[in-house]
Amino acid sequence: MVGPRRPQFVLFGSSIVEYSFNEGGWGAILAHIYARKADIFLRGYAGWNSRHAVEVLDQIFPKDEPVQPSLVIVYFGGNDSVSPHPCGLSSHVPLSEYVENMRKIAIHLKSLSEKTRLIFLTTPPVNEAQMLEILGVEDRTNERCQKYADACVRMCQEMGIKAINLCVAFKQQHDWSTTCFTDGIHLSAVGSKIMAKEILKVVKEAEWKPSLHWESLPIEFA
């Protein structure tokens with residue numbers, strides 16, 4: 001452990017998380033804003049769905065660690081929501097199982113510490129045409145993304161967890177389909193800015209004590 005000890009923020013999810021420290025990525029934006037105030041830990045795994053996440057919860061978030069995260073930002077849903085493959089080879093997870101997996105993740109994370117805060121991110125929309133042109137796939141639809149996003153938000157509301165519906169957030173930008181993605185799925189700098197802005201808004205408005213908003217945290221060695 002490198003000291004002095006700061007609040008720990010963990011980004012946990014699939015490729016949207018793994019690539020978030022790329023240039024202009026939303027993880028990099030958060031790391032910049034929280035420099036000298038909090039440590040951002042990246043736990044992103046491209047290709048993963050909520051089923052994978054449940055299997056490794058105890059390894060990534062051990063309950064017996066003396067220091068637990070102050071904030072965990074969770075993103076799963078994009079890979080879960082792909083179309084099922086006849087041979088069962090896709091990352092598809094049925095909607096009902098996805099919701100239960102996300103519930104299991106939430107229960108585990110809430111059990112780490114009474115001071116561990118959670119934000120769940122839903123799957124964003126996709127640019128179906130760009131996805132087909134660049135990646136050569138057409139296994140994701142905006143209709144299915146919206147269903148998984150709405151289901152995630154409902155689960156979070158039931159459990160009292162902060163949730164950001166990225167389908168709603170992205171579509172508030174008039175040219176979202178042509179500016180928010182690099183390949184129809186993964187986020188461009190524009191998409192990352194939207195995500196970072198939404199996260200910071202939630203953190204600022206949350207009535208968490210102590211507050212985790214960057215303006216409220218002390219500057220190390222100021």
Side-chain angles (χ1 to χ4, degrees), residues 1 5-18 20 26-27 30-31 34 37-45 48-81 93-124 147-169 195-196 198-214 216-217:
M1 175 66 189
R5 183 174 294 167
R6 307 171 180 174
Q8 297 181 358
F9 296 178
V10 182
L11 315 183
F12 179 45
S14 56
S15 57
I16 295 291
V17 171
E18 181 174 340
S20 69
W26 62 275
L30 294 179
Y34 278 93
K37 295 189 174 188
D39 288 324
I40 313 294
F41 291 84
L42 188 63
R43 295 296 182 269
Y45 306 93
W48 277 29
N49 56 29
S50 63
R51 194 178 290 162
H52 292 105
V54 169
E55 293 174 353
V56 299
L57 282 174
D58 289 318
Q59 298 176 59
I60 296 178
F61 300 100
K63 291 186 178 182
D64 59 356
E65 283 294 316
V67 178
Q68 295 293 352
S70 297
L71 173 65
V72 183
I73 300 175
V74 179
Y75 167 79
F76 289 100
N79 294 323
D80 298 71
S81 67
V93 173
L95 183 60
S96 59
E97 182 187 346
Y98 165 72
V99 171
E100 286 310 304
N101 288 341
M102 297 299 278
R103 193 185 307 278
K104 290 176 183 176
I105 294 170
I107 291 171
H108 182 89
L109 295 177
K110 286 167 73 75
S111 73
L112 297 178
S113 166
E114 61 181 15
K115 293 184 178 180
T116 296
R117 311 304 183 186
L118 306 179
I119 298 176
F120 275 37
L121 309 174
T122 77
T123 180
K147 287 181 179 179
Y148 279 68
D150 292 344
C152 181
V153 170
R154 286 193 298 270
M155 185 276 295
C156 288
Q157 291 172 340
E158 293 169 5
M159 298 189 68
I161 296 170
K162 303 293 184 184
I164 298 174
N165 192 328
L166 294 177
C167 280
V168 173
M195 185 178 289
E198 292 294 320
I199 291 170
L200 292 171
K201 179 182 177 182
V202 168
V203 174
K204 183 176 183 177
E205 295 177 353
E207 296 180 356
W208 294 334
K209 295 182 180 180
S211 172
L212 297 177
H213 189 250
W214 65 274
S216 301
L217 296 177

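Along the sequence shown, residues carry numbers from 1. All values below come from the heavy atoms of this structure, side chains included, with hydrogens, waters and symmetry mates left out. Please read all numbers here as calculations on a predicted model, not as lab measurements.
Counting heavy atoms from C-beta on, the side chains of D150 and T122 never come closer than 4.5 Å. Put simply, the side chain of M159 does not reach to within 4.5 Å of the side chain of L118, judged on heavy atoms. Taking the side chain as every heavy atom from C-beta outward, L121 and I16 never approach each other to under 4.5 Å. Contact check for V56 versus W48: side-chain heavy atoms found under the 4.5 Å cut-off. With a 4.5 Å cut-off on side-chain heavy atoms, K63 and L112 count as touching. Using a 4.5 Å heavy-atom cutoff, the side chains of I199 and F9 are not in contact.
Proximity of a side-chain donor or acceptor of S20 to a complementary backbone N or O of W26 within less than 3.5 Å is not detected. In this structure, S81 contributes its side chain and G78 its backbone to a donor-acceptor pair below 3.5 Å. Looking only at distances, no side-chain donor or acceptor of D80 sits under 3.5 Å from a matching main-chain atom of N49. Side-chain atoms of E18 never come within 3.5 Å of backbone atoms of L42 as a donor-acceptor pair (strictly under, hydrogens ignored).
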Check the pair L30 / L200 against side-chain contact (heavy atoms from CB on, under 4.5 Å), numbers first and verdict last.
CA-CA 8 Å; L30 294 179; L200 292 171; 3.9 Å; yes
List the steps and the verdict of side-chain contact (heavy atoms from CB on, under 4.5 Å) for R117 and K162.
CA-CA 9 Å; R117 311 304 183 186; K162 303 293 184 184; over 6 Å; no
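Contact record, N101 with V93: ND2-CG1, 4.1 Å, taken as the closest heavy-atom pair. Heavy-atom minimum distance, N165 versus A149: OD1-CB, 3.7 Å. In terms of heavy atoms, L212 sits closest to S70 at CD1-O, 3.5 Å. Here the shortest heavy-atom pairing between L57 and I105 reads CD1-CA, 3.9 Å. For the pair L166 and P124, the tightest heavy-atom approach, listed with the atom from each and the gap, is CB-CA, 3.8 Å. Residues Y75 and T123 share a closest heavy-atom pair of CE1-CA, 3.6 Å.
In this structure, CG on N79 lies 12.0 Å from CZ on R51, to the nearest 0.5 angstrom. Of the inter-residue distances, the one linking I60 atom CD1 with L109 atom CG reads 10.0 Å to the nearest 0.5 angstrom. One distance of note links OG of S216 with NZ of K209; it measures 12.5 Å at 0.5 Å rounding. Atom OG of S50 and atom CD of E97 lie 6.0 Å apart (nearest 0.5 Å).
Salt bridge status for E198 with K201: absent, with no side-chain N to carboxylate O gap under 4.0 Å.
Under the ring-ring contact (aromatic ring centres under 6.0 Å, His included) criterion, no residue pair touches residues 100-119, with sequence neighbours excluded.
Few gaps surround NZ on K37; more than 12 heavy atoms of other groups in view lie less than 6.0 Å from it. Heavy-atom neighbours of E65 CD from other residues, nucleotides or ligands within 6.0 Å: above the threshold of 12.
Note: Y148 and Y98 have tilted aromatic rings, judged against thresholds of 30 and 60 degrees for the angle between ring planes.
A search for side-chain contact (heavy atoms from CB on, under 4.5 Å) contacts involving K115 returns S113, not counting sequence neighbours. Taking E55 as the reference, nothing meets the salt bridge (charged side-chain N to carboxylate O under 4.0 Å, His left out) condition, with sequence neighbours excluded.
Partner of F12 under the ring pair (Phe, Tyr, Trp, His ring centres under 6.0 Å) criterion, out of F41, F61, F120: F61 alone.
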